[in-house]
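A short write-up of the structure that comes next.
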Amino acid sequence: MAYSEKVIDHYNNPRNVGTLDISDETVGTGLVGAPECGDVMRLQLKINPETGVIEDAKFKTFGCGSAIASSSYATELIKGKTIEDAQNIKNTQIVSELNLPPVKIHCSVLAEDAIKAAIDDFRKKQAQKNASEEVSA
Amino acid sequence: MKFPIYLDNNATTCMDPRVLDAMLPYFTEIYGNAASRNHDFGWQAEAAVESARETIAASIGADPKEIVFTSGATESDNLALKGVAEMYRSKGDHIITVTTEHKAVIDTCKALERSGFRATYLPVDSEGFIDLDRLREAITDQTILVSVMHGNNEIGTIQDIAAIGALCREKGVLFHTDATQTVGKIPFNVDDLNVDLASFTAHKIYGPKGVGALYVRKRKPRVRLVAQMDGGGHERNMRSGTLNVPGIVGFGKALELAVAEMAQDDAHCRSLRDQLWKSLQGPLDELYINGPDPLQHPGKRLPGNLNVSFAFVEGEAMMMGIKNIAVSSGSACTSASLEPSYVLKALGVGEDLAHTSIRFGLGRFTTQEEIDYTLDDVTKAVVKLREMSPLYEMAKMGIDLKSVEWAHH
């Protein structure tokens, strides 16, 4: 199968590969997929709790070139966005940007899931933090 | 060095120029139909076919009358299994094969099951070998055929065909072997190996595609087949259809060369393969060989075959990273079915590792320079992709990946 130029570009020069501090309360981590399925994405977002703006995004992906490209593009897409805007990102945006063929659509779905999971994790952490602050106050 | 580098010789091989030279006259000069018995064009074509048949028969210790030409090993497997099943149906309805067989055998058995036969698919151990005792137990008075491949195309496992054949003979059951990966590569003699039927093909041994053969034993026991194609009654009524004369000539030449140069080809493929496997393990950790380890059991694995799981690196991504090297992968992403390799699964390789497997197939024309390049390129790709792999990071942190609750989708 031939890859689109954009997939090849993201594969060769992945944006924002890396790890953020998982214990940081302002970092949300989304880990989706499964090794047995052949793809696992980990997306981490550093979010400003005051403004709700995504200030940094890092990913690591085990998966095919399209999965790597989908997660790399997702980090580009959401950096600087508010949580609300990021939540509305649809996998179809990733499909059209990267020209993913039908058999690779699940890679874009996984990236969308990773964004949602990371935001959920951030919200959970914030809620816990607020709860514990209330208790101590 | 010419790019891309071809390391997929278990899929097919480059035709040897000497084979092409032998074939060429049969396209444009000696183009007669080998079945035309009344003019020189036909006689010459027939003579060429019979000469190739003699060469091929001699190469495997058979009589020329025991060689049936086909379009390839898939057809040979179909003809052997379906032909025997139909012919001996009154004797029994049971066939035994193995879970790691090529689809040409597995799917033929499934087709036979749909038409009322029963099939047993024997399991294999972690290196791909069947257990002779289990085979013995599986044989019943209804069993008419056992089919076990000689060398496995994915994982290189060489079964003990002689022992399996001996057991079948003792039990009075016919024995077929898919010898596609072994004829011309390692010694193959139908009497030494106790084989009654054997499938093989030209394009795996530097011959042309589209021509293969089925060995059908004529004496002790005499094997009979129901033809699977109706027509002019060619090939002693076992396979109708005008013979592929240039292809058969090429097949004969290819096998003649393969047998004459077997020791040389074997040593060449083996040494480069062993070197690749040994050297990969220097800079890289978490590598798993699929099939017998050639460094520990040199005789148990096909000479040019290496199948390695590069844990935490998905196979298709890996192939993208080594785009100058043509290999194949057991990863689901590279298959039409989106299922990882059933052969690896049968070994008990977890699906996570199956997704990371790469098969290297070295051949007669593989060079030292190419292997040096491959070693370097593969190492770089694995290092880069592992830096990008959340699984590698987690494993390095001591997280047991099996204990993680994954969100299956």
Subject >> side-chain contact (heavy atoms from CB on, under 4.5 Å) evaluation trace for A:N12 with B:M320 >> reply: CA-CA 9 Å; A:N12 287 332; B:M320 238 177 126; over 6 Å; no
Got more than 12 heavy atoms from elsewhere within 6.0 Å of [atom1], [X]?
X     : atom1 : value
B:M1  : CE    : yes
A:E84 : CD    : yes
A:K90 : NZ    : yes
A:I22 : CD1   : no

Original post:
So, does A:Y11 use its side chain to make a donor-acceptor pair with the main chain of B:G321 at under 3.5 Å?
Top reply: yes
Subject >> Greatest number of heavy atom pairs closer than 4.5 Å to chain A - which of B:V313, B:D352, B:L401, B:L353 >> reply: B:D352
Original post:
Between B:F312 and A:F62, what is the shortest heavy-atom contact and its length?
Top reply: O-CD1, 3.2 Å
**OP:** Looking only at non-hydrogen atoms, find the nearest pair between B:A317 and A:I68 and report the distance.
**Re:** CB-CD1, 4.1 Å
Subject >> Side chain / backbone / both / neither for A:V40 at chain B, heavy atoms under 4.5 Å >> reply: both
Subject >> Which atoms of B:E405 approach chain A - backbone, side chain, both or neither, heavy atom under 4.5 Å >> reply: neither
Subject >> Contact class of B:K384 relative to chain A, heavy atoms under 4.5 angstrom >> reply: side chain
**OP:** Go through the steps to decide whether B:W406 and A:L31 satisfy the test side-chain contact (heavy atoms from CB on, under 4.5 Å), and finish with yes or no.
**Re:** CA-CA 8 Å; B:W406 298 102; A:L31 183 66; 3.7 Å; yes
Subject >> Euclidean distance, A:R42 CZ relative to B:M394 CE, rounded to 0.5 Å >> reply: 8.0 Å
Original post:
Once you round to the nearest 0.5 Å, how far does SG of A:C64 lie from NE2 of B:H355?
Top reply: 10.5 Å
